[in-house]
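One-based numbering along the sequence shown. Only heavy atoms go into these numbers, but all of them, side chains included; no hydrogens, no water, no symmetry mates.
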Amino acid sequence: MADAGLKDSLVQAVEDAEGVLGEGASERRLGSLGKLEVPAEAIRALPLEFVKRHRILPIGLYNGTIRVATADPGNQRVIEDIRLLSGLEVQEFEAPAAEILEKMAECYQMTVEKMIEHLHPEQAVSTEGRTLHDIEVMANEPTVINLVNVIISTALRERASDIHLVPFEQSLQLRYRIDGLLQEKPPPPKQLHAALVSRIKIMADMNIAERYMPQDGHIQINHRGVRVDIRVGTLPTIYGEGMVLRLLEKTAKLLTVEELGLDPARSTLLSRLVEKPHGLFLTTGPTGSGKTTTLYAILQRIYTPEKKIVTIEDPVEYELPGVAQIPVRPSRNFSFANGLRSILRQDPDVVMVGEIRDSETAEIAIRAALTGHQVFSTLHTNDSTGAVTRLLDMGVEAYLISSSLEGVLAQRLVRRICTQCRVESPLSSALRDRMELLGARKIEGVFYRGAGCEECRGNGYRGRIGIFELLPIGTELREMILQKQSSAKLKAAAQRTMITMHQDALQKAAAGVTSIEEILRVSSGDLLG
């Protein structure tokens, strides 16, 4: 049963294994399993139920021997069971349990649905009426631990940014947010709700006894050699605690401005605006539109060892090399305003404020911009000129805004059409009429859609890209701000030279990057006209 097609990578991994465990040369320590290609013959050699129960993984067949990764080498009973099931001699290699579970999910295509199908009735017993101690014991059962691990690893494998777990009267809803949209997944049994929540709370170092007040926690895991931070939030509902897990790959590659979707001409203009020695630059858009990611890209662009860059964020989402990053801590009265005052006493050249939420933070940020600092921040407005109106509404004096504001970048995120299944899609009369009703000007040309394939899991989309509206503040606009002109008048003046989000969106649709349907979904009409 030797595997003639055994991958060179497997042989190399075995030969390069880190040392020998105990006295037997058959027990070795493997490096990362993430890049190891496991032959199909090895996967078929042991049943899934057995592999799951003992948390082992067959990694190859070689000269009448089955090679197995395990977190607990030397268990003679398990070795004997493997020998009986496979009919082969057994060679063990030690690997971390988390890596084994992740590779197991990949090799056996283990999903939450499949795992639930294999649950025995006694494993899904109700937690109703049980004591806190009973639920804590259940939370540490292998079935619950494995189910939580599979929920998280599947979300990471499908590029989800959030996991939503919400209880209802008769069911438990599980959804992943992928490319900005929630997608429903096969739900775990309602009976396991309390045990699953308790397990995640234990991982996040939260109070499992507190079930009637919101809590926040934090989990750090390694996924295929990449560090992932998971922010956990609970919210009590009438049917129990709901949970949201935000997944952040800390070592993920930070995007450049061009990779975000800004064209070369506006990228050059952006560079001129953000490389000024002082002044305020804002990014605007609704929650989840990528404002902070854009600011990270800008900070990467302007960073030099000669500049001291400090950020204050809620929370710190990604680590920036060479940048001092500070999280706000509301529980300790360390807000954006308090933190910004402290930062300005640290002699910074560049300051990034995660969000301007109130008049106090706005005032401090603007005065910092007027006293020789580069200041970057975000606002929640629909377009670029709306940032001026929002600052005025906060009570900031018009002359301060006019003197300090250098530019505003408004943005949204739209899904990219999958490049593997992109096809031409003539614009239907219904879509054309809908866009005209929303105020869009006449549109012509060929547009595209995703037909759906294995690569995009049938969605027709894979990944997201930004659509932008970059507003430089010139002499004319400064005068209009001083006169407290309305946002509509500011926008009318800006549009004479500015590419609007509407125009940028249509350009990307015509280029086959996104679809008209996606533009309508994201805009709801506020980008058009």
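A salt bridge is defined here as a Lys NZ or Arg NE, NH1 or NH2 lying under 4.0 Å from an Asp or Glu carboxylate O, and E518 with R521 meets this definition. Using a 4.0 Å cut-off between a side-chain N of Lys or Arg and a carboxylate O of Asp or Glu, D179 and R159 qualify as a salt bridge. Under a 4.0 Å N-O distance rule, the pair E517/R449 does not qualify as a salt bridge. Between R357 and D314 there is a salt bridge, since at least one side-chain N of the basic residue sits less than 4.0 Å from a carboxylate O of the acidic one. No salt bridge links D229 with R231; every basic N to acidic carboxylate O contact stays at or beyond 4.0 Å.
In terms of modelled atom types and a separation under 3.5 Å, the side chain of Q170 and the main chain of K190 share no donor-acceptor contact. Under a 3.5 Å cut-off, the side chain of S171 and the backbone N or O of F168 do not form any donor-acceptor pair. Under the 3.5 Å distance criterion, the side-chain polar atoms of R422 are left unmatched by any main-chain donor or acceptor of T514. Without hydrogens or angle criteria, Y318 side chain to T293 main chain gives no donor-acceptor distance under 3.5 Å.
Here the side chains of T256 and Q300 are not in contact, with every heavy-atom distance at 4.5 Å or above. Inter-residue side-chain proximity for E92 and I82 is flagged as unmet; no heavy-atom pair is nearer than 4.5 Å. Annotation: side chain of R199 is in contact with side chain of I145 (closest heavy-atom distance under 4.5 Å). Counting heavy atoms from C-beta on, the side chains of I230 and I163 never come closer than 4.5 Å. No side-chain heavy atom of Y296 sits under 4.5 Å from any side-chain heavy atom of V323. Using a 4.5 Å heavy-atom cutoff, the side chains of E355 and K291 are not in contact. When side chains are defined from C-beta on, P167 does not count as touching V197, because their heavy atoms never get closer than 4.5 Å.
Looking at residues two or more places apart in sequence or on another chain, you find a ring-ring contact (aromatic ring centres under 6.0 Å, His included) between F50 and H54. With sequence neighbours excluded, no residue satisfies side-chain hydrogen bond (donor to acceptor under 3.5 Å, both in side chains) with E317. Under the side-chain hydrogen bond (donor to acceptor under 3.5 Å, both in side chains) criterion, N459 pairs with no residue at all, not counting sequence neighbours.
The CG atom of L409 sits 9.0 Å away from atom CE of M501, with the distance rounded to the nearest 0.5 Å.
A donor and an acceptor atom, one from each side chain of S515 and Y461, are located under 3.5 Å apart.
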